[in-house]
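What follows is a short report on a single structure.
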Amino acid sequence: MQCPKCRAPMHTYNRNGIQIEQCSGCRGIFLDYGELESLTRLEAQWSQSAPPPVPPAAPQAYPAAPQPAWGAPHGGHHYGHHRNKGFGRMLFSS
Amino acid sequence: MTVTALLPELTARAEDIAHTRTPTCPCGATGALADRPDGTVVRHADTVAKAHAPDTDAGELARRLTVSAGLPDVFLPPLGPAPADLHGRLVTFWPYGSPVDPDDPDAAPWEAVGTLLALLHRARLPEAVPKMRGPLKAARAVAGLRAVGDHPAAAPVLRAWAALPAWARAEAPMPRPAALCHGDLHLGQLVRLPEGPWRLIDIDDLGAGTPAWDLARPAAWFACGLLPGEEWTRLLDAYRAAGGTAFGPGDDPWTVLDVPARALTVQTAARTVTKAVTEGRDLDELDRAVVDACRRMAAIPGQLTHKSTK
C-alpha cells in the first residue's frame, strides 16, 4: 500500500491486535474504519486495570505541515479562542 | 469628483445595468459593499459596479479586464468588455456573487482557493499583461507605516522589510519564470453565483509575476498561527492536485514561499500598526502575532531551513 499523501510505501504494524499502517516516508499513520474506536476502547480498559495510565498517542492522519523557522513557536494554531476574529482578518486585504 | 458625489452616481449606473439584465428587477439589496481610497463598490440587486482607484491606469485596467474575461473558470466574468468612464473614474460592472461567510470559518473554501490559484498559474501568460502588483502593495504598506511616525512595533517590522530581497520590495524585477497571478489573494476575493462554483474577483493587481506570491498570504497566516495547519494543508494539497506551478510536485513549498510569506507578514504588520496608530489604540493579540513574526525573521536569514511543527 502506498501513502496517499507522499506515495512512499506503508508498513503495517500490529498493536494489541489492531493493524496500524505507518508511512515509511512521512511517518503519517492511517487507521482503518473502526480502529480508532478499538484503540479508544483498549485505552479505557488499560486505564481501568493498570495504573499509571498511558496517554493515548494522538492518531494523526497526516504529519503536521512544515512551517518556516520564523513561524509562531510550536507551530499550529494559537488563536482558537479568537477563531472567528482571526478568520475575519483573512477576509480583507491587509 | 468627491466621494459623496461618486456613490449615488455609481449606484445609478449599477441600477441601469441591472435593469438591462432583468426586466423584472426586484430593486432589492442596493448599497455600498466597499468605499475605500482604493475602490468604491456598490450593488443593485444582482449587479455590482466598481469605481477603481483614482490613479488607476486605463490601459492596464483594460488589459486586466480582458485577461480575466478570458478565464471564466477562474474569474467571475465581467459584464462588458471594457471599463466605463464616470467623471474621470474608471468603472467596471460585475454580477453579484455571494462572499465567504465570515461567521463560519469551518465552511471556508480552502480547496477552492488552491484549485483556482493553480488554474490561474497554469493559464497561458498573455504577452500584453501588466506586472502583478503584490510587491508594490507591500512597499506601499511599509511607506504608510513610515508616514505615521514612531511606534515601538514599527522598528521590527521595518527591520524585517529591509532584510527582504529587492524584488520582494518592488525594487527589482520579480524572479522568472513569471506566471499569471492574482496579486492580492485573500478570502474576500472569492465569491460564487447562485448554485455556482467559487470564482476569484478583484483584478486590480492581476498580472505577470511570481506565483508563490498568491500563496504567500495564507502561508503568512499559517506561519503567524492564525490559520490552522490542517486548513493550510487542504489548500496546498488542492493546489498540488490541480497542477499549480509555484513549486515542483516533490518540492518543499517553503523554498519558494519563504520570501513572499515574509513580505506578506511585513505588509500585514505594517498595515496593522499603521491602523492602530491612526485609531489611537493598542495592538491586540492578533496584531502582535504578526509583529512578533517580523521580530523573529530578523534572527533567521532568508531561505534557511524550515522546521517541522511535528
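FYI, side chains are in, hydrogens and waters are out, and symmetry mates aren't considered; it's all heavy atoms of this structure.
- Residues B/L226 and A/F87 form no side-chain contact, since every pair of their non-hydrogen atoms from C-beta on lies 4.5 Å or further apart.
- No part of B/D292 comes within reach of chain A, as not one of its non-hydrogen atoms sits under 4.5 angstrom from that chain.
- The candidate from B/A223, B/A138, B/A34, B/P105 with the greatest count of non-hydrogen atom pairs under 4.5 Å with chain A is B/P105.
- For B/E231, the part lying under 4.5 angstrom from a heavy atom of chain A is the side chain only.
- Taking every heavy atom of both residues into account, B/G225 and A/A72 meet most closely at N-CB, 4.1 Å.
- Contacts with chain A were tallied for B/P218, B/A261, B/A141; B/A261 has the most, counting heavy-atom pairs under 4.5 Å.
- Screening B/V290, B/L187, B/D287 for a side-chain contact (heavy atoms from CB on, under 4.5 Å) involving A/R89 leaves a single residue, B/D287.
- Contact record, A/A65 with B/G229: CB-O, 4.3 Å, taken as the closest heavy-atom pair.
- At least one donor-acceptor pair under 3.5 Å links the side chain of B/W254 to the backbone N or O of A/P66.
- Among B/T268, B/D38, B/T272, the residue making the largest number of heavy-atom pairs under 4.5 Å with chain A is B/T268.
- Between B/R296 and A/G71 the shortest heavy-atom distance is NE-O, 3.0 Å.
- Scanning all heavy atoms of the two residues, the minimum distance from B/R271 to A/S93 falls at NH1-OG, 4.3 Å.
- Contacts between B/R217 and chain A at a heavy-atom distance below 4.5 Å involve the side chain alone, from C-beta outward.
- Contacts of B/D101 with chain A are made by backbone atoms alone, with heavy-atom separations under 4.5 Å and no side-chain atom involved.
- A/M90 and B/H186 make their closest contact through O-CB, 3.5 Å (heavy atoms, listed as atom of the first residue, atom of the second, distance).
- Of the two parts of B/K275, neither the backbone nor the side chain holds a non-hydrogen atom closer than 4.5 Å to a non-hydrogen atom of chain A.
- Options B/L264, B/L190, B/D106, B/L257 differ in how many heavy-atom pairs under 4.5 Å they form with chain A, and the most are formed by B/D106.
- Within 6.0 Å of the CG atom in B/D55, the count of heavy atoms belonging to other residues, nucleotides or ligands exceeds 12.
- Looking at B/D202, neither its backbone nor its side chain comes within 4.5 Å of chain A, counting heavy atoms on both sides.
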